[in-house]
Structure formats: structure tokens, C-alpha cells
Amino acid sequence: MCRGIALVVGSRVRGIRFPKSRLCPLPMSPDERSFRRRVKGRVIVGVRRVAKRVVIQLDSEDAIVFEPRMTGRVLLAAPPEVKHVRAVIDFSEPAPGLLVFWSMRGLSTLHLFSPGQFAHVLGPDRIGPDALVVTEAELRAAFGKSRRAIKPALLDQKAVAGIGNIYASEILHRAKVHPEIPCDRITAGQWRRIHAQTHAVLHAAVAAQGSTLADGGYQTVEGRSGQYQEQIRVYGRTDETCQICGRGRIRRIVQAQRSTFFCPVCQRAVRRKTKQGGRMPFSDMHTDPFSSQPKGP
DNA sequence: CATATGTCCTGAGAGC
DNA sequence: TGCTCTCAGGACATAT
């Protein structure tokens, strides 16, 4: 998303407007009048992502911070529905254009932060290391002693920033770790896999320009759907046969009010005892004879 | 302090 | 067909 709007760097903000709507106002600060006064005439000197926020840095040191959450979008294209447009920046110099902040539900937020406010909300003491670059040691330091289940823990932005609900399930499935295992009972080998798959899943999702599910939620800056949903193995696939082992049926459970999807075969709750030469390791399970069972209607 | 739960919002889809 | 009900999820506030 940020890469898509990077081309506005160097542009001068001519103004920002907040279309009137019967829908709820977006949570935002400061008030519209102050917002307009502080951004008008400023030059955009940078666009970057911090955790799940889009940060548009102005030459005044103020920063426009947008949290899209589930249904928010930043668009350089025409918005899908005008009634959900929350704010529009028009910029000029060198190339004129519009930057549209769109949000179907009122869950997104829009703020203009001074450096002090920014640090208070997005400083390193408020959010953890970014998931795209977190090291295995940082991952273990953030979670290793926690008694929480690993899946809701992965969503804790103060521990590690950037993992959302879809990707938490996908990471654990690929890492072959059960979502309900308490962090303090996760082995070194499991941490190594969780770390590797955190990077693999998130980098692949970025490369595929995100996930656009059946609800049509996320779209790129140009208004196109993402492609990562084609690589999703467990999220939303309740009762489907696992693509990896060909045997387990994907289960949906609820943890911390959020859906979790996993394969009970690939992601066993307890590591099996290896008595008498050991059982089949996970990586061999796709050789199971049940792998050709038909998928339910 | 560490976890857990409640809240915000709208549209899609199910069920009747 | 048209209504009501449920569900989806990030971050934060509040509760345990």
C-alpha cells in the first residue's frame, strides 16, 4: 500500500477535505479545521508503513497517520463507493492528483501527529519489532515466557507488529504448530519454524499485494484486488481437506474472539512420543492412503 | 504485571 | 420478496 502511494512524495498538499456523510465520522484528530490548516501547503517528504499504519510525513514534521484496519483503503484511483470516502487530499507539484482515504466501516482512524504524539502512539515502547524483519531471538524474547496460546499472542502488536488474523493462522499451519499451544511450551525447533514462516508468509503476501477475500475488503492503491488469497491454505477453509497432508480436515476454533483455522493432523496439540523407532514425521504425512478422499459438498 | 473481554462499525449472507 | 439476525476483525478501554 505504501509502495503504491510513494509517488506522491515531493508533492505539495493543496488541501484536504472531509466529505460530509450521513455515516459515522471516522475517529480522527485533531478537528477538521486544525487538520486543514496544518496540512495545507505542506510538502509530502515521505511515505512509509509503521506496523499496520500508513504514515505520510510532511515537511512540517507533522505526520498524517491512517489506520485502515479491515475495510480501509488508500486510493489514487476512483473510490468504489463515494459514500465511504472519509478524506481527500489534493496535491500538486509536480503532478496534480488526489489521495483518497476510503473506509467502508467506521473502524479506520485518521490522525495528524506531531513528533511527540507520534512517538507516544507508535514509538518502539508501544509496538514491537516489525514482523517482516523480526529476528528469531526477538520473537522468543517477546513470547517465550508467556503462558498465552501462540495464536492470539502473534496478534499482539506490542510483542511483534504487523501480523493480522489471516496470516497468524497461515504462519502456524506452515510452521506445523498448534494454535493453542502456550508460548512457554513451544520448543526451539518450533520457534525456528514460526520465525521462518512469519517471514515467508508476510513477504509472500506483500509480493502478492495482499489478500482480497470474498468480502472484497482489501484493495491496492490502484483499486485492484490482492492475489495472496490464492495461497491461503487454512483461513476460511473449514471442513476442507488439508492441501498439505491430504488427510486432515481444516478446523475452525475461536480464540480471544477471533477465528483460528488449523489442520489437526499437521498441527498436533502434543508432540507424539517416539517410542519404538519413532512415528512418521510431519513431512511424510502426505503419503497417507486417505489422501484421495473426496471433499465434502 | 499479565491476560482476558467488551466495544466500535457496515454490509453480506443465512434463515424464515 | 423483505425482514431480522449473525458474523467479520484491529486497536484500545476496561475488567479480572
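- For A/Arg105 and C/dA8, a side-chain-to-base donor-acceptor distance below 3.5 Å is present, hydrogens and geometry of angles not being considered.
- Put simply, CD1 on A/Ile150 is 15 Å from C1' on B/dT3, counting in whole angstrom units.
- We find that NE2 of A/His111 is positioned 12 Å from P of C/dA11, with the value rounded to whole Å.
- The residue A/Thr109 sits apart from the nucleic acid: no heavy atom pair falls under 4.0 Å.
- The residue A/Ser146 sits close only to the backbone: its heavy atoms come under 4.0 Å of sugar-phosphate atoms, none of a base.
- Taking the six-membered ring where the residue is Trp, the centroids of A/Tyr167 and A/Tyr235 are separated by 6.0 Å or more.
- The residue among A/Gly106 and A/Arg147 whose nearest nucleotide of DNA chain B lies closer to the 5′ end is A/Arg147.
- Ranking C/dG10, B/dG11, C/dA11 by closeness to the A/Asn165 side chain, first place goes to C/dG10.
- A/Val55 has its side chain out of reach of A/Arg49: every pair of non-hydrogen atoms, C-beta onward, lies at least 4.5 Å apart.
- Aromatic ring orientation, A/Trp191 versus A/Phe143: parallel (interplanar angle below 30°, classes split at 30° and 60°).
- Side-chain N/O atoms of A/Ser259 include one lying less than 4.0 angstrom from OP1 or OP2 on C/dA8.
- In terms of phosphate contacts, A/Lys145 brings no side-chain nitrogen or oxygen within less than 4.0 Å of OP1 or OP2 of B/dC1.
- Separating the CG atom of A/Leu155 from the P atom of B/dA4 is a distance of 12 Å, rounded to the nearest angstrom.
- For A/Arg69, whose side chain is taken as the heavy atoms from C-beta onward, the closest listed nucleotide among B/dG11, C/dA8, C/dA11 is C/dA11.
- Nucleotide C/dC7 holds its P atom 16 Å from the CD1 atom of A/Ile253, rounded to whole Å.
- A/Arg12 is not listed as a side-chain neighbour of A/Phe91, based on a closest heavy-atom distance of 4.5 Å or more.
- Proximity of A/Gln257 to the phosphate of B/dG6: a side-chain N or O atom is located under 4.0 Å from OP1 or OP2.
- At B/dC9, none of the side-chain N or O atoms of A/His84 fall inside 4.0 Å of OP1 or OP2 (strictly under the cut-off).
- The local environment of NE2 in A/His203 is crowded, with over 12 non-hydrogen atoms from other residues, nucleotides or ligands closer than 6.0 Å.
- In this structure, the CZ atom of A/Arg53 is 7 Å from the C1' atom of C/dA11, given to the nearest Å.
- The CE-C1' distance, from A/Met104 to C/dG10, rounds to 14 Å in whole Å.
- For A/Met28 and C/dC12, the CE to P distance is 17 Å, given to the nearest whole Å.
- Among the heavy atoms of the strands lying under 4.0 Å from A/Arg258 is at least one base atom, whether or not backbone atoms are also near.
- One can place CZ of A/Arg148 at 15 Å from P of B/dC1, the figure rounded to the nearest angstrom.
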